[in-house]
Amino acid sequence: MDATFLYLRCLLFLFCLLSHMEAGAVDERQLLLKFKSTFENSSTNSILSTWNSSNPVCSFSGVACNGKKYVREVDLTDQNLSGFLVLDDICQLKFLEKLELRNNAFHPRLFPSEIFSLKNLTYLGLANCSLQGPVPKSIGNLSELTLLDLSYNNMVGEIPSEVGKLTKLWMLELYCNHLNGTLPFGLRNLTNLEYFDASKNLLEGNLSEFRFSKNIVSLHLYENNLSGEVPAEFGEFKKLVVLSLFKNMLTGPLPQKLGSWSKFVCADLSENFLTGTIPPDMCKMGTMTKLLFVQNKLSGEIPQNYAKCTTLKRFRVNNNLLYGVVPPGIWGLPNAEIIDIGSNRFEGPITSHIGKARTLALLFMSYNQLSGELPDEISKATSLVSIVLDNNRFSGRIPRSLGDLKHLGILFLQSNMFSASIPKSLGRCFLLSDVNMAHNLLSGEIPSSLGSLPSLNSLNLSNNQLSGQIPEKLASLMLLDLTHNRLTGVVPKTLSIAAYKSSISGNPGLCSMYMSSFPRCSPGSGLSKDVRIVIICFSVGSAILLVLLICALFLKKRKDEERTLKEESWELNSFHVLSFTQDEILDSIRQENLIGRGGSGNVYRVLLADGKELAVKHIRNTDPSGGKSKEFDAEVATLSSIRHINVVKLYCSITSEGSSFLVYEYLPNGNLWDRLHT
Ligand SMILES: *[C@@H]1O[C@H](CO)[C@@H](O)[C@H](O)[C@H]1NC(C)=O
Ligand SMILES: *[C@@H]1O[C@H](CO)[C@@H](O)[C@H](O)[C@H]1NC(C)=O
Ligand SMILES: *[C@@H]1O[C@H](CO)[C@@H](O)[C@H](O)[C@H]1NC(C)=O
Ligand SMILES: *[C@@H]1O[C@H](CO)[C@@H](O)[C@H](O)[C@H]1NC(C)=O
Ligand SMILES: *[C@@H]1O[C@H](CO)[C@@H](O)[C@H](O)[C@H]1NC(C)=O
Ligand SMILES: *[C@@H]1O[C@H](CO)[C@@H](O)[C@H](O)[C@H]1NC(C)=O
Ligand SMILES: *[C@@H]1O[C@H](CO)[C@@H](O)[C@H](O)[C@H]1NC(C)=O
Ligand SMILES: *[C@@H]1O[C@H](CO)[C@@H](O)[C@H](O)[C@H]1NC(C)=O
Ligand SMILES: *[C@@H]1O[C@H](CO)[C@@H](O)[C@H](O)[C@H]1NC(C)=O
Ligand SMILES: *[C@@H]1O[C@H](CO)[C@@H](O)[C@H](O)[C@H]1NC(C)=O
Ligand SMILES: CC(=O)N[C@H]1CO[C@H](CO)[C@@H](O)[C@@H]1O
């Protein structure tokens, strides 16, 4: 039997040899054409159209040959190829070194074992190829591999320790699979490894196997279940520039020399249980852009060095146990986009350095013990979109210069000790959407300019010492809280409905013509008796009319909206970088997406293809005379039913002659922090 086997092997060998000698390149063409024939719809693929029997194999698109005209590379990235990935044929290409099939639409299948005959393969790219099942142990046979990319598949089970045999590996990509177990014993032998990414898997255990990865440049293991400490050896890695380990269960202190040797760029260790202090020298070479340690148990002060780290774009240490005075230079980092130091124990003032923070968009520092006055220079940080500094000990007046911040959308100053009056200049911040100044010592009148802000959603001025009348225009907000102040006079007509009762209570000086829970206004303070009678009669009569009107309008509206939206000419005005198009919004203005219905417009919940949710408020332009229509009550009823939904960010407006849409971020649970992940 052995003899027979040998004989057959010999025959096969001879056959192979002969076919090679005859015309190697022609054979390779047949192999590739057979490979092509395994794809569905290969006839409609433009690259594969060059794969035909009259073209020489080296002129096939996506194919590269070596000096002897043998196929060295096959690269069919992003070709939308479908069918079962069958590699029998292509794996007979003796000189193949690179096989890249990323981002195709293959049918699910196990890791193709044919591949293991390709001993010369140096580059194997099978990302997003619908591979299933475990990573086979035979992967260890491909000992020439320098790049192995199996990311974006459905691979399960543990990473086989045979991977440790691929000692030439320079890049290993395993992210977005379902790999579990610990990082295998053997990874330590991959001393040439520079890029490793096994993020978004189910890995557990510790990082010990990486203690020997002294050439590592970029290490990503975020969104796993890794535990234990970051090994001390990481502090000695001379080439490390990116370390991304967020959302794991890591504990213990960080090596203090971490990132100090190389042109270090990014440390993202958010959402772990790290203790100790922030390593001080990650920006030593002046290249760091992201320092992200959100939600850990770090303590100590912010190292002074970061105040000089002018390359920093994101400085986020929210939710730790850090303390001390924030080094003044931090406020003025010239390239910072986010400074997020909330929920710590920082103290001291925001210094005038903030005037240098020209790119700063988000400034978060809630729940600390910061104090002093806000410097006027804050107005020079002209990119500011959100100022969130609630629950601190700030005092003094709110700077008038805030009115210069043309991009400001969120202003949260609540639970501090701000005094004096609310600056009228805020009426010039046209993008303001959410304002909270509750629980301060503010006095004086509510500036009526706030009522003219076109995108204001919520205004909370409760628990202050505000006096004077409520400005007429403060209506149609998703949230209005003016409770517990010293407001006086007549409750404006627009607020004289039940939905607003809880927004204005706790102001003993208020009176109302219509709301029983307030003292009636004396005749001098409001309208004459005749006018009142007319209004009451009108209300009763119009109630019936209103119902009919709303029904009619509603039916008409449904038709109008569905029929004509995209035919109209629209103008899009964006206030943020948009990840959606105008058409995506207009296409989603459909009955099934309606979450609230009102007189002057409806509110829709829009689910984008990428899973992001938006709230879209449709406002039909009212008649030229400008006054609120009778449908106003209905709208308030609608909007007040979702008024506690925290609609924070206004992305854009889309307007035409007849109506306009305001597109907001939609936050069902209203958690401001959730939306700001790294
Ligand atoms: C093969 O493809 C080339 C274009 O690359 C084309 O010019 C030629 O006509 C094709 N030959 C056949 C037999 O389809
Ligand atoms: C991919 O192919 C499918 C069918 O094979 C087709 O419906 C789809 O439009 C193609 N997509 C692209 C981007 O070519
Ligand atoms: C690897 O490539 C060499 C030439 O570089 C060739 O002689 C050899 O047959 C190839 N090995 C395999 C297993 O294909
Ligand atoms: C995976 O490939 C498909 C094409 O088959 C593509 O549409 C999709 O965007 C790719 N996914 C990723 C994460 O690149
Ligand atoms: C390939 O790997 C498997 C599993 O590790 C091993 O049993 C087999 O001997 C290897 N084959 C070759 C040709 O090296
Ligand atoms: C890993 O997942 C496989 C199934 O995919 C399971 O059988 C195995 O027990 C898991 N191992 C660990 C360590 O969780
Ligand atoms: C690592 O490599 C050494 C020497 O090449 C070898 O003896 C050892 O078995 C390897 N370790 C693992 C876990 O593969
Ligand atoms: C890391 O985990 C391995 C088992 O996976 C264990 O043997 C080793 O002691 C652990 N190292 C540390 C420092 O906890
Ligand atoms: C993560 O690991 C811990 C133990 O370290 C375990 O209790 C927990 O269930 C794991 N979580 C997941 C999602 O696997
Ligand atoms: C207004 O802000 C205060 C302080 O943050 C808060 O307690 C109160 O609930 C807010 N009002 C509404 C209606 O949300
Ligand atoms: C399996 C598959 O994708 N088939 C498609 C091939 O292309 C034609 C049109 O070119 C489609 O109708 C098939 O559905």
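When a ligand or atom number is given, it counts from 1 through the structure's own listing order.
A salt bridge does not link E144 with K119: every distance from a Lys NZ or Arg NE/NH1/NH2 to an Asp or Glu carboxylate oxygen is 4.0 Å or more. Here K239 pairs with E194 in a salt bridge; the nearest charged N to carboxylate O distance falls below 4.0 Å.
Outside the 6.0 Å centre-distance limit, the rings of W261 and F237 are not counted as a close aromatic pair. Between Y152 and Y175, the ring center distance clears the sub-6.0 Å criterion. A centroid separation of less than 6.0 Å is found between the aromatic rings of F116 and F111.
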Please test L121 against L96 for side chain to side chain contact (heavy atoms under 4.5 Å, CB included), starting from the C-alpha separation and ending with a verdict. CA-CA 6 Å; L121 212 55; L96 194 65; 4.1 Å; yes

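Contacts of ligand 1 (protein heavy-atom distance under 4.0 Å) are S49, T50, N52, S54, N55.
To the nearest 0.5 Å, the span separating CG on L93 from CG on L32 amounts to 5.5 Å.
Listed by atom number, the atoms of ligand 6 under 4.0 Å from N180 heavy atoms are 1 (C), 2 (O), 3 (C), 8 (C), 10 (C), 11 (N), 12 (C), 14 (O).
Judged by the shortest distance from any of its heavy atoms, G164 lies outside the 4.0 Å radius around the atoms of ligand 7.
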